[in-house]
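Atoms within each ligand, like the ligands themselves, are counted from 1 in listed order.
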Amino acid sequence: MVPGVRLVVLGKQGAGKGTQCVRLSHHYVVPHVSTGDMLRAAVKLGTPLGLRAQEFMDRGDLLSDGLIMEMVGERLSESDTRARGFILDGCPRTTAQAEQLEELLHPDRLDLVVDLEVPTALAMRRLASRRVCIDCGENYSVSNPPTVNWTCDICGGEVVQRADDTEAAILHRLDLYERQTAPLIAWYEKKGQLTRINGAGSAVVVERRAVRVVEEARQRRHPSGDLWDHR
Ligand code: ADP
């Protein structure tokens, strides 16, 4: 059995974060914890959180650190993530969130933070053709649609263009990413927790790169080859 992992994946919108996180969660058999998916589910259900989140999301604005970390804290305290770990997607997005995440996990720590690097022009092209399942969040694109009539291959949900994938909201999110999220890369780098990988190429090729850097990080921490921690 593959040991679990506690992994954060960073990358600008369109870097392929969602796609890689789903693949890595299957590879390591750990939950994919996506703040965007959790918030979209809350909006769809019309919960109090969803009602508060919707206008922020439609504009491409960030929700408050407190609200996000409460949601993430709850998810990371459940038995599945505690037992085997998680692939965290969309959080942290600010240094304050990264600090709170560290506190949440203490005395454990992240195994690695992977930064998926892609040129902005490629990210914009991917976003323009991106389509997602409104139920499970599976990613498709105009050139890689589901098999049957925009119905999700995994869960049968409807596959649509995201409401916040308009040009204005995308540009705003990319700008926020540069200002608020990119500084996290230096923050994690200073802690020796970050590895950058090239996010250009097919999903399979990028996944292999990610798995390789995770395995290298395991080796650095446990050169004897023993499994790490309790997982
Ligand atoms: P993207 O990476 O394309 O911006 P996500 O699906 O990760 O999309 O997030 C969608 C929206 O949900 C964000 O634009 C923001 O409004 C909100 N959101 C998600 N994660 C966070 C977070 N960690 N902090 C603040 N807001 C968040």
Side-chain angles (χ1 to χ4, degrees), residues 7-22 24-25 32-45 47 49-76 86-105 110 113-118 120 122-141 157 159-185 187-188 199:
L7 191 68
V8 162
V9 181
L10 296 178
K12 62 169 75 102
Q13 289 72 17
K17 217 167 8 107
T19 303
Q20 288 306 319
C21 287
V22 169
L24 291 168
S25 82
H32 170 208
V33 177
S34 158
T35 49
D37 287 352
M38 288 160 89
L39 292 168
R40 279 185 286 278
V43 168
K44 200 176 148 210
L45 289 172
T47 66
L49 170 67
L51 294 175
R52 282 174 71 183
Q54 177 144 38
E55 52 175 301
F56 284 86
M57 296 177 73
D58 286 348
R59 280 198 307 265
D61 279 336
L62 294 187
L63 275 85
S64 76
D65 292 334
L67 212 130
I68 293 288
M69 293 318 293
E70 194 184 321
M71 180 178 87
V72 169
E74 269 173 29
R75 184 65 189 88
L76 297 190
F86 48 82
I87 310 288
L88 191 50
D89 171 4
C91 178
R93 248 176 162 93
T94 62
T95 313
Q97 291 182 15
E99 281 163 354
Q100 286 180 46
L101 177 64
E102 211 166 50
E103 277 167 31
L104 271 177
L105 295 178
L110 292 171
V113 178
V114 172
D115 178 32
L116 270 184
E117 293 189 317
V118 294
T120 302
L122 171 60
M124 293 285 292
R125 273 205 304 281
R126 284 179 172 174
L127 287 170
S129 79
R130 167 161 88 180
R131 301 292 182 270
V132 294
C133 170
I134 54 173
D135 287 331
C136 73
E138 180 71 3
N139 274 279
Y140 298 91
S141 72
V159 175
V160 299
Q161 182 160 36
R162 266 172 49 177
D164 60 349
D165 274 350
T166 60
E167 195 180 354
I170 288 171
L171 288 173
H172 183 52
R173 283 178 7 249
L174 283 168
D175 176 54
L176 276 184
Y177 183 82
E178 287 309 323
R179 287 191 286 125
Q180 308 239 35
T181 309
L184 275 181
I185 294 166
W187 192 86
Y188 277 124

Atom of R93, atom of T181 and distance for their closest heavy-atom approach: O-OG1, 2.9 Å

R125: partners by side-chain hydrogen bond (donor to acceptor under 3.5 Å, both in side chains), with sequence neighbours left out: none

Write 'none' if nothing qualifies; otherwise put on separate lines each N/O atom of ligand 1 with a protein N/O atom under 3.5 Å away and their distance to 0.1 Å.
unit_1	atom_1	unit_2	atom_2	d
ligand 1	2 (O)	R93	NH2	3.2
ligand 1	3 (O)	R130	NH2	3.3
ligand 1	3 (O)	R162	NH2	3.2
ligand 1	3 (O)	R173	NH2	2.8
ligand 1	4 (O)	Q13	NE2	3.0
ligand 1	4 (O)	R93	NH2	2.9
ligand 1	4 (O)	R173	NE	2.8
ligand 1	6 (O)	R40	NH1	2.9
ligand 1	6 (O)	R40	NH2	3.0
ligand 1	6 (O)	R162	NH1	3.3
ligand 1	7 (O)	R93	NH1	3.3
ligand 1	7 (O)	R93	NH2	3.4
ligand 1	8 (O)	R162	NH2	3.0
ligand 1	16 (O)	D61	O	2.5
ligand 1	20 (N)	T35	OG1	2.8
ligand 1	20 (N)	G90	O	3.4
ligand 1	20 (N)	R93	NH1	3.1
ligand 1	23 (N)	G90	O	2.8
ligand 1	23 (N)	Q97	OE1	3.0
ligand 1	24 (N)	Q97	NE2	3.0
ligand 1	26 (N)	L63	N	3.0

For the student: nearest non-hydrogen atoms of G157 and D135, plus distance: CA-OD2, 3.3 Å

Closest approach of K12 to T120 (non-hydrogen atoms, all atoms of both residues): NZ-OG1, 3.3 Å

Candidates I68, L184, V113 - the one meeting side-chain contact (heavy atoms from CB on, under 4.5 Å) with P92: L184

Carboxylate-amine/guanidinium contact K44 D37, below 4.0 Å: no

